[in-house]
Q: 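Have a look at this one.
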Amino acid sequence: MRQIIENLVSGIVQQLQSDGTLQAGDLPEYKVERPRDETHGDFATNAALVLSRFAKMKPRDLAQKMLAALPANQKEVDRWEVAGPGFINFHITSDRIRQLIPDILQMGQSYGSSKMGSGKRVLIEFVSANPTGPMHVGHGRGAVMGDAIASILKVTGHTVEREYYINDAGNQVGVLGWSVMMRYHELFGCSITMPEGCYPAQYVVEIAKALRDQDGNRWLNVELDMSVSPPIEVVDFAMDTIMGWIRGELATINILFDNWFSERTLHADGKIEATIGELTKKDLIFEGVLAPPKGKLPDDWEARPQLLFKSTKYGDAEDRALKKSDGSATYFAADIAYHFDKAQRGYDLLIDVWGADHGGYVKRVQAALTALTDKNNLLEVELVQMVNLVRGGEPVKMSKRDGTFVTLKEVVDEVGSDAVRFIFLTRSGGASLDFDLELAVSKSNDNPVYYVQYAHARIHAVYRQLQEKGLDKSLGDGGGDLSCLTLDAEMSLIRALGTYPEMLEGAAINREPHRVPYFLIDLASAFHTYYNSHRILEDDKVLLAARLSLINAVRQVLANGLTLLGVSAPERM
RNA sequence: GCGCUCGUAGCUCAAUCGGAUAGAGCAACGGCCUUCUAAGCCGUAGGUUACAGGUUCGAUUCCUGUCGAGCGCGCCA
């Protein structure tokens, strides 16, 4: 619908350029947008404000002149005016607005999808929680956020793949292996003390028990010497167990990945050395000594020469280490090899969703990727702020170290997948989020998901009533005369339906999933208002059919939006 | 000390890549169920958008500075 007005305005601008009112050549961009205030029409443009300098006229005068150039044969706009400092407001005809109802019903599940991103291949990497323990609520927020961004990009025409990067190499994995070994020995009656840095939590005991059940005392004679690697079978057993939990937990909140990418394969396939080789070719590698860190200096700090990447050349604050002083690859080296691999797979855009605590890491990865691909904006990182878990006003502390963290599973078990997803998404990713368990458990309006789902269920209830009265539900298929829909509540409800595709495009462009739940809440609110003051099941058959069609379209859009967010759309509650 | 993300009603948050009179929910107060689901609706009240400048037709939005919060700052991941 916006397209109609955009075409109209650009036609007028061209005409004014050709008759000399406006300068020829390139002009600054103007916008056609939805006014905040409905009395300002369906669309407004700031064209006269932006272009007035190029016509040497006052904005309002130019606006008048533009309106005079409005083609006489168009049928969509029935009223327009110059307003405020020089905005032009367009009011769409009521018939054109009502036409949205059959349009939406005909498109069904596909209403809202667009071709905006067609031809664009996007890889979105998210969660990527370490396989050293269950996911906590912070991971859950990143998971839901990444999944929603992926869904929104997909519905706006992008080709999207979801990927999980498994950090199955490095020290932490060895630490996990030894932690399991300690608990395993403990199960056989050995007295042990968990060394500093190990994972003491209960889940490690569970893994140890499972290991004992599978292998008996097979590992009992292995010496607990943390200066060497633990048995690889034990490490793999622990990681496989944990990844099984993670996959299961993700599945319960409706998240499925296309690819699971193992860090080990990077080492095994020589991709890290190959990537360092690429950087060497570009003369971006050197042996150097890093400056001591700012702030409080670690006790054991000492300057050592290492292999470094010149990331300062690409805007990073420091050069970054690719190899440790013992010659092994750093996590960073593996990570740029991973991102280089993604780039070589031919995507047009890479999106990573990270926790905000990794914010300081963004520049160096982008720097490396720019150096390797000569592309500037290939990698985009969305930072998701942390979740403060609250129970009855008291903050719940979360830490992997002391083992008191609350897992995502516990929260999902308590409040359900729908509420978890919806609450996580009803916040912009940039803001930290207080998640109150008591509040989320209470089935009150504090859970906005109920509000939206209830609107959807109510519409189904009306249809059930309809059938009890022996009337045919096809009355609401949008085929009848809709001109009896004249109430303000009806027109603004239809207008709201019409903004759904634009809202989705905005959410996609800005990577802002929270716009979807806000839209749904607004739509549900408009519906509840209408429902409370007007009967749908009227005796007048024409009016009945029109109103049924209207709420049927509302039902369709609510269902589309909820489904997009991975939240269920129940038919009764 | 430096970097990143923020600062909007009592609380939790919105505000369409700079737009018109900054909006919702919760909490408070007052109304609406013999009629399609009251998990709902209607009304009242609540603001110097942290602060001070700058950019322009116009700033919650962009720039600079101050204050405050969270996160990060050697070879960990």
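Every chain is numbered from 1, with letters handed out A, B, ... down the list of sequences.
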Q: Looking at every strand, decide which applies to A/Lys323 at a 4.0 Å heavy-atom threshold: base, sugar-phosphate, or nothing.
A: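 Nothing: the residue A/Lys323, judged by heavy atoms under 4.0 Å, touches no strand.
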
Q: Would you please say whether a donor-acceptor pair under 3.5 Å links the side chains of A/Ser311 and A/Glu318?
A: no

Q: Return the value, rounded to whole Å, for the distance between atom CG of A/Asp539 and atom P of B/C36.
A: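 Distance, rounded to whole Å: 14 Å.
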
Q: Between the base of B/A14 and the side chain of A/Asp522, is there a donor-acceptor distance below 3.5 Å?
A: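 Side chain to base: no pair below 3.5 Å.
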
Q: What I'd like to find out is whether the side chain of A/Ile276 reaches to under 4.5 Å of the side chain of A/Lys323, using heavy atoms alone.
A: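 When only atoms from C-beta onward are counted, A/Lys323 and A/Ile276 do touch, with a gap below 4.5 Å.
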
Q: Measure from the side-chain heavy atoms of A/Ala321 and tell me the nearest of B/A38, B/A15, B/C75.
A: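 The closest nucleotide is B/C75.
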
Q: Where the side chain of A/His528 is defined as all heavy atoms beyond and including C-beta, which of B/C76, B/C41, B/G74 is the nearest nucleotide?
A: B/C41

Q: Name the closest nucleotide to the A/Thr330 side chain, picking from B/U12, B/U16, B/C75.
A: B/C75

Q: Establish whether the base of B/C75 is bridged to the side chain of A/Ser325 by a donor-acceptor pair shorter than 3.5 Å.
A: yes

Q: Which part of the nucleic acid does A/Gly430 contact within heavy-atom distance under 4.0 Å: base, sugar-phosphate only, or nothing?
A: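 Sugar-phosphate only.
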
Q: Within the structure shown, what part of the strands sits under 4.0 Å from A/Gln385 by heavy-atom distance: base, sugar-phosphate, or nothing?
A: sugar-phosphate

Q: Of all residues at least two apart in sequence or in a different chain, which pass the side chain to side chain contact (heavy atoms under 4.5 Å, CB included) check with A/His40?
A: A/Pro35, A/Asp37, A/Asn89

Q: Where the side chain of A/Arg427 is concerned, which of B/C17, B/A15, B/U12 is the nearest nucleotide?
A: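 Nucleotide nearest to A/Arg427's side chain: B/U12.
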
Q: From C-beta outward on A/Asn130, which listed nucleotide comes closest to its side chain: B/A77, B/A14, B/U16?
A: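 Nearest nucleotide to the side chain: B/A77.
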
Q: Would you mind calling B/C63 syn or anti? Take O4'-C1'-N9-C4 for purines or O4'-C1'-N1-C2 for pyrimidines, and syn is within 90° of 0.
A: anti

Q: Nearest to the side chain of A/Arg515 - B/C13, B/U16, B/G40?
A: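 Closest of the options to the side chain of A/Arg515: B/U16.
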
Q: Measure the acute angle between the ring planes of A/Trp354 and A/His339, then classify it against the limits of 30° and 60° as parallel, tilted or perpendicular.
A: perpendicular

Q: Between the side chains of A/Arg515 and A/Glu512, is the shortest nitrogen-to-carboxylate-oxygen separation below 4.0 Å, so that they form an ion pair?
A: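 A salt bridge links A/Glu512 with A/Arg515.
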
Q: What's A/Ala317 touching, base or sugar-phosphate or nothing? Going by heavy atoms closer than 4.0 Å.
A: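 If one applies the 4.0 Å heavy-atom cut-off, A/Ala317 turns out to touch nothing in the nucleic acid.
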
